[in-house]
Colleague: 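Questions regarding the structure given below will be posed in turn.
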Amino acid sequence: MSPAQAGGPSSEGEERRITFDVRVWAVRERRLKNATSWQVRWQVAGRPSPNTRSFQSKGAAESRRAEILTAVRKGEAFDVESGLPISEWRALPQPEPEPPPVRTWLMVARDFVDAKWAEHQAPGTRRSIAEALGPVTVALFDEQPPAALAGLVREALAGWVFLTGERTRLRADGRRVENPPPEGWVEVLAWMERHSRPVGDLADVEVTRAALVALSHRLDGKPAAPNTITRRRLVFGQVVKFAVARGDLEANPIPSAQWTPPRKVVVVDRRVVVDHRRALRLLAVVAQIAPDLEAFFACVYYAAIRPGEVQELNISQLRLPRRGWGEVALERSNPEISPRWSDAPDRPRQAREQLKHREKGEVRPVPLHPELVTLLRRHLERFGTAPDGRLFRSATGGPVKTARYVEVWQAARQRALTAAEAASPLARRPYDLRHAAVSRWLNAGVPPTQIAEWAGHSVRVLLMVYARCIVGQEQRALGLIDASFAAEAPQDETLEADLPDAGQTLEDPGQALKDPGPGLDGP
């Protein structure tokens with residue numbers, strides 16, 4: 001027999017170690033106090049000890065030895081682990097395979113968040129996903145958390161479970177491993193792991209509907225804003241599709257729930273749009289309170305540049321002629337958000353390498369109104385730039401803090417507007433200046449495709465969001481109706497011939513009804 005060793009699949013598909021190196025000894029008699037037995041022994045290469053089997057009769061032992069020898073002579077492989085010929089091992093009753101572990105909603109949602117985190121999404125998007133998953137996850141526990149833990153559940157979900165950057169750490173090989181949780185959250189995290197429903201429970205329409213209802217309400221039980229509901233619904237649907245793609249769910253159960261979300265309110269309120277006269281008043285007051293921010297707000301008002309994009313405005317991007325229109329080529333943004341949602345939480349605030357809704361390296365050109373060009377030139381003469389060329393920065397050289405420019409804007413509103421205007425939604429947020437810019441472009445008759453390019457979003461979003469900010473359409477419509485009547489009106493002389501004289505009276509008041517006259521149908 002030439003020894004050989006190879007691997008072969010088992011009936012379950014796992015790899016088994018097999019060998020052809022088998023040594024068989026003669027039957028050995030074993031004398032005991034009260035009986036005698038005969039032992040069969042054979043050694044399979046790779047096993048730490050020989051296989052043995054005892055029989056009460058010598059004939060039975062010889063028969064078993066002959067079976068082993070027959071398998072060897074036929075060249076049959078032996079299973080190393082059991083020491084049996086492979087045909088005998090396959091005939092043994094195989095243990096029932098262990099059922100796969102139950103995948104809970106919490107596990108699936110956490111895996112989804114980790115997968116999205118690996119896509120290097122913007123910090124704001126990561127935070128938005130975590131906030132959206134909180135209400136749904138709470139609704140998918142099999143019971144209410146105890147009072148001692150209830151206040152910690154949402155905090156632990158947003159601050160640990162769905163915060164991949166803190167819950168895990170990146171190894172040198174690029175894989176993430178779990179960090180030990182904070183001591184104060186160990187108990188609540190363990191409770192959530194035990195009580196999260198199996199994700200398969202979503203196949204029950206009532207369970208899915210309960211989750212949809214939960215995402216529609218705030219913590220106090222009141223209905224959430226339509227925009228919030230729509231965002232949560234979108235994230236919930238993405239996680240469900242993620243579960244279907246991984247085989248955790250057979251089909252998407254959401255359509256069967258027959259739940260209709262409220263209409264998404266994305267239309268800009270016309271009341272927030274400031275007119276040019278008041279905008280100039282606001283900018284003038286800003287110039288008195290914080291001169292270094294006058295051009296900052298002017299960029300939002302005249303060019304619809306987002307505040308995060310203004311933060312990264314660099315002199316190398318600008319064309320500022322002494323007269324006429326200028327231009328800026330926007331390419332980066334730096335919206336302020338907690339660093340814990342970024343890939344480098346220990347580093348200072350970092351700019352995004354691409355604009356919103358744009359690929360990395362894509363540039364968005366925006367025209368600069370002559371008045372804005374003047375303000376920017378004056379800003380550069382007075383304040384210069386940061387070492388890297390940025391126009392706007394804090395006292396330490398970093399981006400301007402949101403808290404600072406919001407505080408300046410609120411102070412400017414109180415001084416520049418009347419009490420009634422300051423109490424109204426008019427230009428309540430610095431971002432409302434962007435709405436004013438886009439609204440002005442629309443009302444000036446600039447083609448929507450061009451405005452969408454300048455503003456950095458799609459034409460569909462433009463017309464949907466700013467539908468109520470296009471003024472003058474009603475007046476134009478009424479003028480068109482008036483014109484249609486005027487075009488069909490009879491000539492003045494015809495009308496005068498058909499009408500009685502001013503002093504003339506009808507002999508029979510009912511005559512007008514009996515004789516409707518030419519051109520009119522009788523009763």
Side-chain angles (χ1 to χ4, degrees), residues 274-336 348-349 351-352 355-356 363-417 427 429-438 440-441 454-456:
V274 64
D275 63 291
H276 189 51
R277 178 173 57 86
R278 290 181 178 84
L280 290 179
R281 280 206 328 243
L282 286 162
L283 291 176
V285 173
V286 170
Q288 298 171 7
I289 300 173
D292 61 314
L293 292 181
E294 180 187 12
F296 183 100
F297 292 116
C299 287
V300 186
Y301 172 65
Y302 283 105
I305 304 176
R306 297 180 177 94
E309 297 167 345
V310 178
Q311 298 276 18
E312 289 299 304
L313 211 57
N314 194 289
I315 192 170
S316 64
Q317 301 169 300
L318 297 170
R319 184 175 63 81
L320 303 175
R322 294 193 175 275
R323 291 184 179 181
W325 287 77
E327 188 178 59
V328 59
L330 300 175
E331 55 184 340
R332 285 154 57 99
S333 182
N334 196 343
E336 185 171 356
R349 180 174 164 186
R352 292 180 59 191
L355 299 171
K356 189 175 183 179
V363 174
R364 191 175 93 236
V366 180
L368 303 179
H369 189 274
E371 293 183 23
L372 177 56
V373 172
T374 301
L375 288 172
L376 288 171
R377 291 179 66 89
R378 189 167 69 197
H379 177 89
L380 287 168
E381 291 171 2
R382 186 171 180 181
F383 301 103
T385 66
D388 60 359
R390 285 178 297 112
L391 273 67
F392 305 102
R393 66 274 191 199
S394 65
T396 59
V400 181
K401 292 288 186 181
T402 302
R404 178 176 180 244
Y405 72 71
V406 168
E407 181 182 2
V408 169
W409 186 250
Q410 295 305 325
R413 289 184 79 251
Q414 295 301 319
R415 289 174 53 177
L417 303 178
R429 307 170 305 157
Y431 201 91
D432 292 333
L433 294 174
R434 171 175 159 87
H435 297 327
V438 176
R440 177 170 294 279
W441 294 341
W454 290 343

Colleague: Restricting to pairs with a member in residues 367-379, which pass salt bridge (Lys or Arg N to Asp or Glu O under 4.0 Å), not counting sequence neighbours?
Modeller: Glu294-Arg378

Colleague: Ring pair (Phe, Tyr, Trp, His ring centres under 6.0 Å) with Phe296: which residues, sequence neighbours excluded?
Modeller: Phe392, Tyr405

Colleague: Hey, does Pro307 have a side-chain heavy atom less than 4.5 Å from the side chain of Thr402?
Modeller: no

Colleague: What heavy-atom pair brings Val373 and Gly324 nearest, and what distance separates the two atoms?
Modeller: CG2-O, 4.0 Å

Colleague: Do the side chain of Glu312 and the main chain of Glu331 share a donor and acceptor less than 3.5 angstrom apart?
Modeller: no

Colleague: Check whether any side-chain heavy atom of Pro291 sits under 4.5 Å from a side-chain heavy atom of Arg382, and report yes or no.
Modeller: yes

Colleague: Relative to the ring of His379, is the ring of Phe383 parallel (under 30°), tilted (30 to 60°) or perpendicular (over 60°)?
Modeller: tilted

Colleague: Any non-hydrogen side-chain atom of Lys401 less than 4.5 Å from a side-chain atom of Glu407?
Modeller: no

Colleague: Which pair of heavy atoms, one from Pro321 and one from Gly326, lies closest together, and at what distance?
Modeller: CD-CA, 3.7 Å

Colleague: Within the structure provided, determine whether Leu417 and Arg281 are in side-chain contact (heavy-atom separation under 4.5 Å).
Modeller: yes

Colleague: Do Leu375 and Tyr302 come within less than 4.5 Å of each other through their side chains, counting heavy atoms only?
Modeller: yes

Colleague: If you take all heavy atoms of Pro365 and Glu327, which pair is closest and at what distance?
Modeller: CB-OE2, 3.9 Å

Colleague: To the nearest 0.5 Å, what is the distance between CZ on Arg393 and CG on Leu313?
Modeller: 12.0 Å

Colleague: Show the nearest heavy-atom pair for residues Ile289 and Ala412, with the distance to one decimal.
Modeller: CD1-N, 3.9 Å

Colleague: Could you check whether any side-chain heavy atom of Val300 comes within less than 4.5 Å of a side-chain heavy atom of Pro430, counting everything from C-beta outward?
Modeller: no

Colleague: Looking at SG of Cys299 and CG of Leu368, how far apart are the two atoms once the value is rounded to the nearest 0.5 Å?
Modeller: 7.0 Å

Colleague: Could you tell me how the ring of Trp325 sits relative to the ring of His369: parallel (under 30°), tilted (30 to 60°) or perpendicular (over 60°)?
Modeller: perpendicular

Colleague: Check the pair Leu376, Val328 against side-chain contact (heavy atoms from CB on, under 4.5 Å), reporting the backbone distance first and the verdict last.
Modeller: CA-CA 11 Å; Leu376 288 171; Val328 59; over 6 Å; no

Colleague: Examine distances only and state if a side-chain atom of Trp409 and a backbone atom of Phe297 form a donor-acceptor pair shorter than 3.5 Å.
Modeller: no

Colleague: Is there side-chain contact between Ile315 and Leu320, with heavy atoms separated by less than 4.5 Å?
Modeller: no

Colleague: Roughly how far, to the nearest 0.5 Å, is the CZ atom of Arg415 from the CD atom of Gln410?
Modeller: 14.0 Å

Colleague: Got a donor-acceptor contact below 3.5 angstrom from the Arg364 side chain to the Ala329 backbone?
Modeller: no

Colleague: Work out which heavy atom in Asn314 is nearest to a heavy atom in Leu391; give both atom names and the distance.
Modeller: C-CD1, 3.8 Å

Colleague: Is any side-chain heavy atom of Val400 closer than 4.5 Å to a side-chain heavy atom of Asp292?
Modeller: no

Colleague: One thing to verify: whether Arg413 and Asp432 come together as a salt bridge, which I'm taking to mean a side-chain N less than 4.0 angstrom from a carboxylate O.
Modeller: no

